[in-house]
Amino acid sequence: MTKGYSELRNERAGAANGVDYAYRDTGGGQDTVPLVLLQHFRGNLDNWDPALIDALATASRVVTFDNVGVGGSSGTTPGTIEQMARDAIAFLVAMGFSQVDLLGFSIGSFVAQQITLVRPDMVRRLILASSAPQGAAGMHGWAPEVIGAIGTPHTSPEGYLDVFYTRSAASRHAGTETQRRIYARAEDRDAATTWATRQAQYDAVCTWGIPDHARLQRVTAIDVPVFVANGDSDPMILPRYSYLLAGLIPRARVKIYPDSAHGFLFQHHAEFAADVQAFLTGAS
């Protein structure tokens with residue numbers, strides 16, 4: 001019987017850059033293209049909703065990992081998206097992956113864009129969840145209420161809900177259910193992310209968001225099928241950036257999920273997973 005995400009053991013992969021990466025692998029489909037996930041700001045292996053991973057794993061081999069310096073991985077978290085992408089590529093190579101599908105979420109979606117640009121032959125299809133292109137106006141740091149909720153030394157469940165879910169009863173219920181699933185794992189949990197990682201990641205986010213109209217053109221070079229998605233009320237990375245990305249990337253499609261915020265892919269995990277699998281198996 002296949003194990004659920006909450007039951008998977010933490011694995012280690014040593015890479016040529018000297019880093020030992022922590023990861024989890026749903027297994028199955030070893031001869032197929034794996035779906036590799038890149039995590040959100042301050043997130044580790046345990047911050048993925050198990051319901052989403054389990055839904056994705058019904059049709060794909062899913063691999064989650066901590067990038068350099070994050071959670072259980074060794075090393076020091078870099079302060080640029082460019083270095084994070086190089087570090088992620090080192091992990092993919094260490095795993096023996098010649099080609100992957102990428103699902104990047106939040107800061108992970110910035111890294112996924114960069115990987116696709118610098119190592120285009122490695123990426124078959126790309127999913128960008130809660131994303132924005134480099135240089136977009138209005139992305140130079142997050143709104144005070146957002147960084148005040150999820151960027152402080154000691155965050156709270158209420159702050160998480162305020163950013164990842166809307167204030168509707170349905171969305172808040174989905175958020176509390178996600179938190180229940182995430183914290184149900186009692187043993188062999190991943191190491192918590194550090195304050196140094198938070199600082200480095202936010203440096204990278206702010207650098208990525210320095211307004212620069214010319215840099216918007218970078219993503220026009222992405223020549224693989226791309227699925228761009230977001231919640232209609234995301235306060236962290238506004239949905240207008242999803243439309244901007246989809247307009248710039250030649251082979252992109254976009255979907256905005258209703259009554260949801262930054263955590264739309266957890267709130268709508270069944271629908272989002274079905275959409276991802278339809279995209280991954282599509283002809284275009």
Side-chain angles (χ1 to χ4, degrees), residues 3-15 17 19-26 34-54 56-57 62-79 81 83-85 87-88 90-92 94-95 102-112 115 129-130 142 146-147 149-157 159-161 163-164 175 178-205 236 262-263 265-266 269:
K3 290 183 177 180
Y5 186 69
S6 294
E7 302 172 288
L8 294 178
R9 56 184 292 189
N10 297 329
E11 308 280 359
R12 309 283 292 186
N17 59 359
V19 173
D20 287 330
Y21 291 84
Y23 74 96
R24 293 178 191 160
D25 187 346
T26 64
L35 175 61
V36 179
L37 276 55
L38 295 112
Q39 183 60 293
H40 65 73
F41 180 64
R42 302 184 78 177
N44 64 11
L45 297 176
D46 289 322
N47 291 116
W48 291 108
D49 188 338
L52 172 62
I53 307 302
D54 291 346
L56 291 170
V62 181
V63 176
T64 62
F65 77 103
D66 289 332
N67 212 342
V68 174
V70 177
S73 291
S74 65
T76 301
T77 304
I81 298 300
Q83 185 59 49
M84 291 176 185
D87 292 337
F91 168 75
L92 298 177
M95 293 291 290
L102 288 181
L103 192 167
F105 175 27
S106 192
I107 189 176
S109 74
F110 305 165
V111 178
I115 293 170
S130 296
W142 290 316
V146 171
I147 201 64
I150 51 85
T152 57
H154 303 289
T155 58
S156 68
Y160 170 84
L161 290 173
V163 173
F164 278 66
T178 295
Q179 289 184 320
R180 179 186 61 78
R181 291 188 294 265
I182 284 175
Y183 290 103
R185 181 179 178 125
E187 298 180 356
D188 196 27
R189 290 186 66 84
D190 194 11
T193 55
T194 65
W195 183 249
T197 286
R198 179 269 187 214
Q199 295 287 66
Q201 288 185 341
Y202 197 54
D203 286 351
V205 166
M236 198 168 184
H262 201 61
L265 66 173
F266 301 158
H269 56 85

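Excluded from the calculations below are hydrogen atoms, water molecules and symmetry mates; all remaining heavy atoms, backbone and side chain alike, are included.
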Do Y160 and I182 pass the side chain to side chain contact (heavy atoms under 4.5 Å, CB included) test, and can you show the C-alpha distance, the side-chain angles, and the key distance before you say yes or no?
CA-CA 13 Å; Y160 170 84; I182 284 175; 4.2 Å; yes

Calculate, to the nearest 0.5 Å, the distance between atoms [atom1] and [atom2] belonging to [X] and [Y] respectively.
{"X": "L265", "Y": "L37", "atom1": "CG", "atom2": "CG", "answer": "8.5 Å"}
{"X": "L38", "Y": "F65", "atom1": "CG", "atom2": "CZ", "answer": "4.5 Å"}
{"X": "T77", "Y": "M84", "atom1": "OG1", "atom2": "CE", "answer": "6.5 Å"}
{"X": "R181", "Y": "H269", "atom1": "CZ", "atom2": "NE2", "answer": "4.5 Å"}
{"X": "I53", "Y": "S6", "atom1": "CD1", "atom2": "OG", "answer": "10.0 Å"}
{"X": "R24", "Y": "W48", "atom1": "CZ", "atom2": "CH2", "answer": "12.5 Å"}

Can you list everything that forms a side-chain hydrogen bond (donor to acceptor under 3.5 Å, both in side chains) with S106? Sequence neighbours excluded, please.
H262

Whether [X] side chain and [Y] backbone form a donor-acceptor pair below 3.5 Å:
{"X": "S73", "Y": "A22", "value": "yes"}
{"X": "D46", "Y": "D190", "value": "yes"}
{"X": "N17", "Y": "D87", "value": "no"}
{"X": "Y21", "Y": "A90", "value": "no"}
{"X": "R185", "Y": "L8", "value": "yes"}
{"X": "Y5", "Y": "A57", "value": "no"}
{"X": "T26", "Y": "V62", "value": "yes"}
{"X": "D66", "Y": "N44", "value": "no"}
{"X": "R198", "Y": "G151", "value": "yes"}

How far apart are the closest heavy atoms of [X] and [Y], and which atoms are they?
{"X": "A94", "Y": "G14", "answer": "CB-O, 3.6 Å"}
{"X": "M95", "Y": "A13", "answer": "SD-CB, 4.0 Å"}
{"X": "A112", "Y": "G104", "answer": "CB-CA, 4.2 Å"}

Mind checking whether [X] and [Y] have side chains closer than 4.5 Å, heavy atoms only?
{"X": "Q39", "Y": "N47", "value": "yes"}
{"X": "W142", "Y": "V163", "value": "no"}
{"X": "M236", "Y": "S130", "value": "no"}

side-chain contact (heavy atoms from CB on, under 4.5 Å) filter on T155, not counting sequence neighbours, yields R42, T152

Taking salt bridge (Lys or Arg N to Asp or Glu O under 4.0 Å) as the definition, give me every residue that meets it alongside E11, ordered by chain and number, with sequence neighbours left out.
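Partners of E11 by the salt bridge (Lys or Arg N to Asp or Glu O under 4.0 Å) criterion, ordered by chain and then number, come out as R9.
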
Using the rule given for side chain to side chain contact (heavy atoms under 4.5 Å, CB included), can you reason through V63 versus F91, listing the C-alpha separation, both sets of side-chain angles and the distance that settles it, and then say yes or no?
CA-CA 11 Å; V63 176; F91 168 75; 4.0 Å; yes

